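Before any comments, here is the structure.
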2 protein chains.
Amino acid sequence: MNDKTSLITLADVAKTAGVGESTVSRVLRNHGSFSDKTRTRVMAAVEALGYVPNRIAGTLASTGSPLVAIIVPSLSNIVFSDVLSGITRTLEAGQRQAVFAVTDYDAEREEALVAAVLAWRPAAVMLVGLEHSAGTRRMLGVAGCRVIELLDVDGTPMDIAVGFSHRAAGRATADAMIAGGYRRVAYVGHDIRRDTRSAKRFNAFTQRLQEAGIPLHDHDIRPSPSSISEGKQGLANVLERSPDIDAVYFSNDDMALGGYFHCLAAGIAVPERLAIIGFNALDICRHTPQPIASIRTPRIEAGQRAAELFLADAPAQTLDLGFSLVEGKTIRRE
Amino acid sequence: MNDKTSLITLADVAKTAGVGESTVSRVLRNHGSFSDKTRTRVMAAVEALGYVPNRIAGTLASTGSPLVAIIVPSLSNIVFSDVLSGITRTLEAGQRQAVFAVTDYDAEREEALVAAVLAWRPAAVMLVGLEHSAGTRRMLGVAGCRVIELLDVDGTPMDIAVGFSHRAAGRATADAMIAGGYRRVAYVGHDIRRDTRSAKRFNAFTQRLQEAGIPLHDHDIRPSPSSISEGKQGLANVLERSPDIDAVYFSNDDMALGGYFHCLAAGIAVPERLAIIGFNALDICRHTPQPIASIRTPRIEAGQRAAELFLADAPAQTLDLGFSLVEGKTIRRE
DNA sequence: TTGTATGCGTTATCAT
DNA sequence: ATGATAACGCATACAA
């Protein structure tokens, strides 16, 4: 069952075409020189036999690798599907093949997965964030392949980093709140230990508020991954403890959506009674009855640019794509 | 730069351990027999050299392949991220490596991608749906690998199919509307030509209504992929043409969300004035002010079960995982 | 322009 | 229990 195609090799094609193996190889990769006559003959044989080149053998024999490893923390967050989209779309044009794995936000798992994909001798491995275990860094350091870290530029990349600054995003969010005249600001977040980027936003946010003389009034950090229900619950908790808050920063738009829905259900006027701002500018938040204020992040673009830099064999660098504040209707401007 | 690790091979390990290459291979794969003494010696050498086995070479030399190809239509729809999650999670335990590609709902592209992944001689290729081009079917037929078609069981699978019946889902939705006493029912859908599964739901839905003496009152089929804004627009269009409709079936929850938000914004009472039902039971629709009626589909489970069947080398079969109606608060029960 | 021969880093088959 | 050695299917000098 496993041999119908497996049995057809370059040698078979060469034989039925009446040429040498290397000639077939040249024709197929359009590399080197050969006559038009042999070319058509070879193609005819390929067609007749239904030959499909074995890239495993081809990769072993040649120097470079067409494989690109992609390791993401999760897929339930659309953010990572977006970068994945951007990467694969661009990679396809370069005839590269993506090998893929998910860490579930687990650093140990990430290390194991990096080891696993490295066994395939990829030309590059792309992963999310700049924080990785010592083992991961060591393996990647000696692997001799490109290393591309995505969605964060706050730190020192191993090779190439493509993304934006979460610290700057946190500050920008704080600035928006300060500009809006909010004084009793709370934060509702998720799982800060595993998602180091949300932690960076949170820290920069509170620090900026502090500098403006507005210490964070309250916060609720859920010990779970971000979700709508956790956002809902987090806001409910905060409101119970601190009914007088006038604005909330959510760790991302999933959380913010939960908070917004809570307000809708509880009849809390937004933004008059309570302002809401999230992070990522998800599509859905642009279509809620009131568009939710957020920070628009270039996710697909980050994937594309990363893949492009790799394909172009660009030098080590940090590429900051920036972000932009999306005002929405859940925060007053002033 | 590309040689630091590449230069360390099985032979190097064998040399520094003072044993033969095959012995190292046996120890590493824990296969065959060897003494404890040599075992520790080999592992020490592996550790010292930082040796990482080359799976490309290993795969070429051995009979089976640890590669599993996964081809999905899109990543912007969370549905496919979910199956992908289910698959990779299960595959990881089986030491398999996923290679990955996205078709963008394009049959031609799918065919090209199938050809591309087949060149890696995967042990299985997983793709979405039962409708594929003749070329795709032919290639897969002679590839000698397992073929697993996901998220649909309405048709004849090439090998294994894991999913649920979209026709049955369409009928169940119609039944819910009939039971609710709705008489002027409309449909708002997306891109029916590319998404054949939504077409199956739509057809079964209208047919069931017809059988109950309730011909579809109106419909609006957007020529684009599903999205919140298209759902919004579609409902607006229908309402303008047919202000007297009392219920709408949306092709999926993204579309339904758009419709629901339109109602919220326009002050249309749901479900008193207009009932809404979607498809997929996305998390977010469970947390809107009124949970949106929908059909819960086993997406992650489909991925898991598919991977499990593959790992267990199960015989060709169709596995119908079923679905369930989620009532929500956007449709009256009667 | 074309064919031959060698090697890529393993696994697997044999002996021993 | 262990070690040579022949595949695996292709790319790539090198020769012709």
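Please read these numbers as outputs of a predicted model, since none were measured by experiment. Here is the naming used below: chain letters follow the sequence lines, and residue numbers restart at 1 for every chain.
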Who passes salt bridge (Lys or Arg N to Asp or Glu O under 4.0 Å) against B:Asp320, sequence neighbours left out?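 In terms of salt bridge (Lys or Arg N to Asp or Glu O under 4.0 Å), with neighbours along the sequence ignored, B:Asp320 is linked to no residue.
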
Over 12 foreign heavy atoms within 6.0 Å of CD, B:Gln317: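 Above 12, so yes.
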
Pick one: which of B:Arg194, B:Arg137, B:Lys200 meets salt bridge (Lys or Arg N to Asp or Glu O under 4.0 Å) with B:Glu131?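 Of B:Arg194, B:Arg137, B:Lys200, salt bridge (Lys or Arg N to Asp or Glu O under 4.0 Å) with B:Glu131 is met by B:Lys200 alone.
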
Distance, rounded to the nearest Å, where [X] contributes [atom1] and [N] contributes [atom2]:
X: A:Lys15; N: C:dT4; atom1: NZ; atom2: C1'; value: 15 Å
X: A:Asp12; N: D:dG9; atom1: CG; atom2: C1'; value: 10 Å
X: A:Leu67; N: C:dC8; atom1: CG; atom2: P; value: 20 Å
X: A:His31; N: C:dT1; atom1: NE2; atom2: P; value: 14 Å
X: A:Phe34; N: C:dT1; atom1: CZ; atom2: P; value: 9 Å
X: B:Leu60; N: D:dA6; atom1: CG; atom2: P; value: 17 Å
X: B:Glu21; N: C:dT13; atom1: CD; atom2: C1'; value: 15 Å
X: A:Tyr51; N: D:dG9; atom1: OH; atom2: C1'; value: 7 Å

Could you list the donor-acceptor pairs under 3.5 angstrom formed by side chains in residues 68-77 of chain A, with sequence neighbours left out?
from	atom 1	to	atom 2	distance (Å)
A:Ser74	OG	A:Ser76	N	3.0
A:Ser74	OG	A:Ser76	OG	3.1
A:Asn77	OD1	A:Val79	N	3.1

DNA chain D contacts among residues 35-45 of chain B, heavy-atom distance under 4.0 Å: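 Contacting residues: B:Ser35, B:Thr38.
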
Suppose we screen for side chain to side chain donor-acceptor pair (under 3.5 Å). Which residues come up paired with [X], at least two apart in sequence or across chains?
X: A:Asp313; answer: A:Arg146
X: A:Ser85; answer: none
X: A:Gln97; answer: none

For A:Phe164, give me all partners under ring-ring contact (aromatic ring centres under 6.0 Å, His included), at least two apart in sequence or on another chain.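 A:His166.
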
For a quick test of your reading: what N or O donor-acceptor pairs under 3.5 Å do the side chains of residues 298-310 of chain A make, sequence neighbours left out?
from	atom 1	to	atom 2	distance (Å)
A:Arg299	NE	A:Asp82	OD2	2.9
A:Arg299	NH1	A:Asn280	O	2.7
A:Arg299	NH1	A:Thr297	OG1	2.9
A:Arg299	NH2	A:Asp82	OD2	3.2
A:Glu301	OE2	A:Arg305	NH1	3.4

Checking contacts here: which listed nucleotide (D:dC10, C:dA12, C:dT10) is nearest the side-chain heavy atoms of A:Asn54?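 Comparing D:dC10, C:dA12, C:dT10 against the side chain of A:Asn54, the answer is D:dC10.
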
Nucleotide nearest B:Thr9 (side chain, heavy atoms from C-beta), chosen from C:dT10, D:dT12, C:dT11: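 Minimum distance to the B:Thr9 side chain belongs to C:dT10.
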
Between side-chain atoms of residues 52-61 of chain B and protein atoms elsewhere (two or more places apart, or another chain), which donor-acceptor pairs fall under 3.5 Å?
from	atom 1	to	atom 2	distance (Å)
B:Asn54	OD1	B:Ile56	N	2.8
B:Asn54	OD1	B:Ala57	N	3.2
B:Arg55	NH2	B:Gln95	O	3.1
B:Thr59	OG1	B:Arg55	O	2.7

Pairs under 3.5 Å (N/O, protein and nucleotides 13-16 of chain D):
none

Which angle, to the nearest 10 degrees, lies between the helix axes at the two ends of the helix from C:dT1-D:dA16 to C:dT16-D:dA1, each defined by five pairs?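 Between the axes fitted at each end of the helix from C:dT1-D:dA16 to C:dT16-D:dA1 lies an angle of 40°.
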
According to side chain to side chain donor-acceptor pair (under 3.5 Å), does anything in residues 37-52 of chain B pair up with another residue at least two apart or in another chain? List the pairs.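 Found B:Ser35-B:Thr38.
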
Quick one: is [N] close enough that its OP1 or OP2 comes under 4.0 Å of any side-chain N or O from [X]?
X: A:Ser25; N: D:dC10; value: no
X: B:Arg55; N: C:dG9; value: no
X: B:Ser33; N: D:dA1; value: yes

For A:Thr103, is there any backbone N or O sitting under 3.5 Å from a side-chain donor or acceptor partner on A:Asp106?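 It does not hold such a pair.
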
Counting the atoms with a prime plus P, OP1 and OP2 as sugar-phosphate, which does A:Leu10 contact under 4.0 Å by heavy atoms, base, sugar-phosphate, or nothing?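 Counting heavy atoms under 4.0 Å across all strands, the contact made by A:Leu10 is with sugar-phosphate only.
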
I want to confirm an ordering. Mapping B:Ala57 and B:Gly32 to their closest nucleotides on DNA chain D, which one lands closer to the 5' end?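 Taking each residue's closest nucleotide, the earlier one in sequence belongs to B:Gly32.
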
